[in-house]
Every structure is written in structure tokens, then in C-alpha cells.
Amino acid sequence: MIEIETYLRGRDGKFVQVDACTARPADAYYVEGAMRIAIHGVEIIGLGEWDYIDQLWAYVASMVPKLSTSGYASTYFPDQPIKLSFRRQGHRVVVSVKSGNDLKKASVSAPDLVAALRGAGSAFFDKMSELLPENAGAYSNACRELLS
């Protein structure tokens with residue numbers, strides 16, 4: 001089972017699920033937020049690893065086609081030394097996050113991971129296009145890459 005949730009970080013430092021947000025982020029260029037990924041109950045990424053969430057989602061979107069073509073994709077968070085990677089092993093994918101000396105990882109079905117990322121990412125980019133229409137073109141491009 002894969003859970004992917006996206007949060008925006010408010011001016012007060014509190015996190016709100018993106019689908020519940022009605023106000024535009026304070027800064028359209030540096031949208032703070034967090035992605036939570038849990039696989040089979042193991043939290044790989046949580047609210048503690050917050051960053052520029054629209055940039056992070058764009059990076060993750062570019063990982064999906066790379067995973068399909070090469071079997072491996074990785075990225076660093078936009079403003080933190082946190083590395084997210086996907087490595088195919090047969091019909092499964094090992095999802096791992098390395099932050100300092102801490103390494104979290106879990107294995108999941110490749111089709112399930114791709115479907116979960118595409119669903120959560122599409123919903124995120126759609127909502128962000130509503131909240132920040134001036135960024136809709138960039139969000140649309142990232143979403144297209146995610147779905148390719």
C-alpha cells in the first residue's frame with residue numbers, strides 16, 4: 001500500500017493538505033511544503049523533510065519516465081541535502097531517501113508506485129494551477145512529463 005500526501009506550509013509554519021488549501025501561497029516562486037510518502041506503513045518522507053514543494057514535485061515528475069527507461073532515477077531536494085531514489089528490482093521498485101546518515105527504504109510494486117505518483121502528482125499540479133495561475137504553464141509541463 002502506498003500513501004502519498006502533499007502539504008503546503010503556511011506563514012505560521014503549520015502544514016495543510018494541498019487539496020484543502022484555498023489561499024494562494026505567500027511566495028509564488030518559493031512554495032514551501034512537504035510530501036509524505038509511506039509504503040506498507042513505513043514513512044519514507046514526512047513533514048520534517050519540507051522544502052520547496054512545487055520544485056520537488058517537478059523533480060519527482062521527471063523521475064517517473066527515467067525509472068521506466070533506465071530502471072533508476074534519483075534527485076536531491078531543492079534546498080536540502082536529501083536524496084530520493086527509485087531503483088527497479090524485477091517487478092518492484094526500491095524507494096529510498098538518504099538524509100545525512102539516515103537511510104529509509106521500502107520496496108513496492110513498480111506499477112503501483114507509478115500509478116500512485118501519477119495520481120498524487122496530477123492532483124497536486126491541478127490544485128497549484130488554481131492557487132497560482134501565473135505558474136500554470138510550468139505546472140502543466142511538469143504534469144505532462146509525469147504522465148509520459
Side-chain angles (χ1 to χ4, degrees), residues 1-68 73-88 92-100 102-148:
M1 179 174 162
I2 304 168
E3 299 170 58
I4 302 177
E5 300 166 339
T6 308
Y7 298 83
L8 296 184
R9 186 171 184 260
R11 293 175 192 186
D12 60 0
K14 293 182 181 172
F15 291 94
V16 177
Q17 279 195 309
V18 72
D19 56 349
C21 291
T22 56
R24 60 183 282 121
D27 188 333
Y29 297 104
Y30 299 102
V31 180
E32 294 181 345
M35 178 186 298
R36 181 182 168 276
I37 299 178
I39 299 173
H40 304 300
V42 176
E43 188 172 88
I44 302 297
I45 302 172
L47 299 181
E49 292 90 12
W50 63 273
D51 206 320
Y52 300 127
I53 192 62
D54 56 345
Q55 293 176 39
L56 179 58
W57 258 117
Y59 297 173
V60 171
S62 71
M63 291 173 68
V64 172
K66 286 179 191 166
L67 176 65
S68 297
S74 68
T75 190
Y76 280 92
F77 278 44
D79 199 40
Q80 292 194 64
I82 298 172
K83 183 178 182 181
L84 170 65
S85 63
F86 303 150
R87 181 179 303 279
R88 184 182 290 274
R92 299 187 68 77
V93 173
V94 175
V95 178
S96 62
V97 172
K98 183 159 178 44
S99 177
D102 190 28
L103 176 66
K104 297 178 192 174
K105 62 184 177 176
S107 175
V108 67
S109 151
D112 290 349
L113 175 66
V114 170
L117 288 168
R118 285 180 172 161
S122 294
F124 171 77
F125 290 124
D126 287 348
K127 182 64 175 188
M128 291 307 297
S129 292
E130 290 174 25
L131 296 175
L132 296 171
E134 66 270 31
N135 293 350
Y139 295 146
S140 178
N141 290 340
C143 193
R144 246 190 319 278
E145 188 171 19
L146 174 67
L147 300 175
S148 65

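Here the structure is a predicted model, which means the values were calculated and not measured. Sequence positions, counted from 1, serve as the residue numbers for this chain.
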Applying side-chain contact (heavy atoms from CB on, under 4.5 Å) to Val108 and His40, what does each step give before you reach the verdict? CA-CA 8 Å; Val108 67; His40 304 300; 4.3 Å; yes
Decide whether [X] and [Y] meet the rule of one side-chain donor and one side-chain acceptor closer than 3.5 Å.
{"X": "Arg92", "Y": "Ser109", "value": "no"}
{"X": "Tyr30", "Y": "Glu32", "value": "no"}
{"X": "Arg144", "Y": "Ser140", "value": "yes"}

Taking all atoms of both residues into account, what is the closest heavy-atom pair of Asp27 and Val31, and its distance?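 That closest heavy-atom pairing would be O-CG2, 3.5 Å.
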Return the minimal non-hydrogen interatomic distance between Ala34 and Gly46, and the atom names on each side.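 In this case the closest contact between Ala34 and Gly46 is CB-O, 4.2 Å.
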Are the side chains of [X] and [Y] in touch, meaning some heavy atoms are under 4.5 Å apart?
{"X": "Thr75", "Y": "Ser62", "result": "no"}
{"X": "Asn135", "Y": "Phe125", "result": "no"}
{"X": "Arg88", "Y": "Leu67", "result": "yes"}
{"X": "Leu117", "Y": "Phe86", "result": "yes"}
{"X": "Leu132", "Y": "Pro25", "result": "yes"}
{"X": "Lys98", "Y": "Ile82", "result": "no"}

Does Lys66 form a salt bridge (charged side-chain N to carboxylate O under 4.0 Å, His left out) with Glu145? I'd like the steps, not just the answer. CA-CA 10 Å; Lys66 286 179 191 166; Glu145 188 171 19; over 6 Å; no
Check for a donor-acceptor pair, side chain of Arg24 on one end and backbone N or O of Met128 on the other, with a separation under 3.5 Å.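 Looks like no, no N/O pair under 3.5 Å.
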Do side-chain atoms of Asp51 reach the backbone of Ile53 as a donor and acceptor pair under 3.5 angstrom?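 Checked: no pair found.
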Verify side-chain contact (heavy atoms from CB on, under 4.5 Å) between Val95 and Leu84, making sure each step is shown before the conclusion. CA-CA 7 Å; Val95 178; Leu84 170 65; 4.1 Å; yes
Find the distance between [atom1] ([X]) and [atom2] ([Y]) and round it off to the nearest 0.5 Å.
{"X": "Tyr7", "Y": "Met35", "atom1": "OH", "atom2": "CE", "result": "12.0 Å"}
{"X": "Leu56", "Y": "Tyr76", "atom1": "CG", "atom2": "OH", "result": "14.0 Å"}
{"X": "Asp79", "Y": "Trp50", "atom1": "CG", "atom2": "CH2", "result": "8.5 Å"}
{"X": "Glu134", "Y": "Tyr139", "atom1": "CD", "atom2": "OH", "result": "8.0 Å"}
{"X": "Cys143", "Y": "Asp126", "atom1": "SG", "atom2": "CG", "result": "6.0 Å"}
{"X": "Ile44", "Y": "Ile4", "atom1": "CD1", "atom2": "CD1", "result": "11.0 Å"}

Any chance CZ of Arg118 has more than 12 other-residue heavy atoms, nucleotides or ligands included, within less than 6.0 Å?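 More than 12 within 6.0 Å, yes.
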Enclosure of Phe15 CZ (heavy-atom neighbours >12, cutoff 6.0 Å):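 Enclosed.
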Run Gln17 and Leu8 through side-chain contact (heavy atoms from CB on, under 4.5 Å) and show every step you take. CA-CA 6 Å; Gln17 279 195 309; Leu8 296 184; over 6 Å; no
Would you check, one step at a time, whether the test side-chain contact (heavy atoms from CB on, under 4.5 Å) holds for Leu103 with Ser96? CA-CA 7 Å; Leu103 176 66; Ser96 62; 4.1 Å; yes
Electrostatic pair Lys104:Glu49 at N-O distance under 4.0 angstrom: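 The answer is yes: the pair qualifies as a salt bridge.
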